[in-house]
Visitor: 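Got a structure for you, written out below as structure tokens; questions coming shortly.
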Amino acid sequence: MNKDFRMATLRDWIAQTPEKVIDFTRYDLEAKEPADAKPGQPIRNWSLMNRLNQKGTRPQDVPMKIEALYAEEQEMIKKRYPVLFEEGHPLSIK
């Protein structure tokens, strides 16, 4: 998590499967708080979800390889965490 986005990855370390992105939320996109359900009874249980959310409540919330993210999103990640894209690096997720 940083000021530009939130990202989480997951892998099965026993089976040595590749890491997949399970959560990617950009903070540069416009977000709106949900409207009140009823006057005097505000909705207080809401989350900021845009691209991919680990809760898996929407059809698009399916874990994906980092290469499946849009090019613009990959550039955002590379700018903050370039080692994630370096093959052979211990922290690489490619």
Side-chain angles (χ1 to χ4, degrees):
M1 185 180 291
N2 57 62
K3 71 176 189 167
D4 297 321
F5 60 88
R6 173 182 75 216
M7 183 178 80
T9 63
L10 183 68
R11 76 179 181 102
D12 182 338
W13 61 273
I14 295 172
Q16 293 296 305
T17 61
E19 286 195 60
K20 291 192 176 183
V21 178
I22 62 167
D23 192 293
F24 188 77
T25 300
R26 294 175 57 166
Y27 296 144
D28 63 337
L29 302 176
E30 185 177 339
K32 293 182 182 177
E33 188 170 342
D36 288 348
K38 296 178 187 174
Q41 296 178 334
I43 297 172
R44 293 195 167 112
N45 185 16
W46 66 285
S47 297
L48 179 62
M49 296 190 289
N50 51 48
R51 177 66 163 105
L52 180 64
N53 193 274
Q54 64 187 339
K55 294 176 183 175
T57 56
R58 305 170 302 169
Q60 70 263 34
D61 293 335
V62 177
M64 62 177 68
K65 291 184 178 182
I66 199 164
E67 297 90 357
L69 293 172
Y70 300 132
E72 180 182 8
E73 295 166 340
Q74 290 183 47
E75 283 303 314
M76 289 178 80
I77 297 167
K78 278 182 191 177
K79 189 175 181 180
R80 291 261 177 198
Y81 310 106
V83 297
L84 297 179
F85 293 87
E86 293 177 17
E87 289 194 36
H89 193 284
L91 298 176
S92 173
I93 61 174
K94 283 195 91 169

Visitor: Check whether any side-chain heavy atom of Leu84 lies under 4.5 Å from a side-chain heavy atom of Glu19, and answer yes or no.
Guide: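 In short, these two side chains do not touch, never coming nearer than 4.5 Å.
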Visitor: Under the side chain to side chain donor-acceptor pair (under 3.5 Å) test, which residues partner Asp28, sequence neighbours left out?
Guide: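 Result, side chain to side chain donor-acceptor pair (under 3.5 Å) vs Asp28: Arg26.
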Visitor: What's the shortest heavy-atom distance between Phe85 and Tyr81, and which atoms?
Guide: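 In this case the closest contact between Phe85 and Tyr81 is CD1-O, 4.1 Å.
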Visitor: If we only count heavy atoms from C-beta on, is the Lys79 to Asn2 side-chain gap below 4.5 Å?
Guide: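 Side-chain contact under 4.5 Å: no.
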Visitor: Flag the pair Asn53 / Arg58 as yes when at least one side-chain heavy-atom distance between them is below 4.5 Å, and no otherwise.
Guide: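 The answer is yes; the side chains approach within 4.5 Å.
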Visitor: Are Phe24 and Val62 linked, directly or through other ILVMFWY residues, by side chains that come within less than 4.5 angstrom of each other?
Guide: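 Different clusters: Phe24 never reaches Val62 through Ile, Leu, Val, Met, Phe, Trp or Tyr contacts under 4.5 Å.
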Visitor: Hydrophobic side-chain clustering at under 4.5 Å (ILVMFWY, transitive links): who's grouped with Tyr70? Put none if nobody.
Guide: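 Cluster partners of Tyr70: none, it stands alone.
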Visitor: Just how far is it from atom NZ of Lys3 to atom CZ of Arg80, taken to the nearest 0.5 Å?
Guide: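 CZ of Arg80 is found 6.0 Å from NZ of Lys3.
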Visitor: Do Leu69 and Ile77 have side chains that get closer than 4.5 Å, going by heavy atoms?
Guide: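 Yes, at least one pair of side-chain atoms sits under 4.5 Å.
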Visitor: First locate atom NZ of Lys65, then atom NZ of Lys20, and finally report the distance between them rounded to the nearest 0.5 Å.
Guide: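 Going from NZ on Lys65 over to NZ on Lys20, the span is 6.5 Å.
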Visitor: Which atom pair, heavy atoms only, marks the closest approach of Asp4 to Met76?
Guide: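 Distance-wise, the nearest heavy atoms are O-CE, 3.9 Å.
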Visitor: When hydrophobic residues are tied together by side-chain contacts of less than 4.5 Å, even through go-betweens, does Ile66 share a cluster with Ile22?
Guide: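 In one cluster with Ile66: Ile22, no.
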Visitor: What's the separation between atom CD in Gln54 and atom CE in Met7, rounded to the nearest 0.5 Å?
Guide: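 So the gap between those two atoms works out to 12.0 Å.
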Visitor: Return the minimal non-hydrogen interatomic distance between Asp61 and Arg51, and the atom names on each side.
Guide: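 Looking at all heavy atoms of both residues, the closest pair is OD1-O, 4.4 Å.
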Visitor: Could you tell me whether the side chain of Thr17 and the main chain of Arg11 form a donor-acceptor pair under 3.5 Å?
Guide: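 No, Thr17 side chain to Arg11 backbone: no donor-acceptor pair under 3.5 Å.
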Visitor: Are Arg6 and Asp23 ion-paired here, with the side-chain N under 4.0 Å from a carboxylate O?
Guide: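 Salt bridge: yes.
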Visitor: Backbone N or O of Ser92 within a donor-acceptor pair of the Glu87 side chain at under 3.5 Å?
Guide: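 Checked: no pair found.
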Visitor: If two hydrophobic side chains count as joined below 4.5 Å and joins carry through other members, does Leu10 share a cluster with Phe5?
Guide: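 Different clusters: Leu10 never reaches Phe5 through Ile, Leu, Val, Met, Phe, Trp or Tyr contacts under 4.5 Å.
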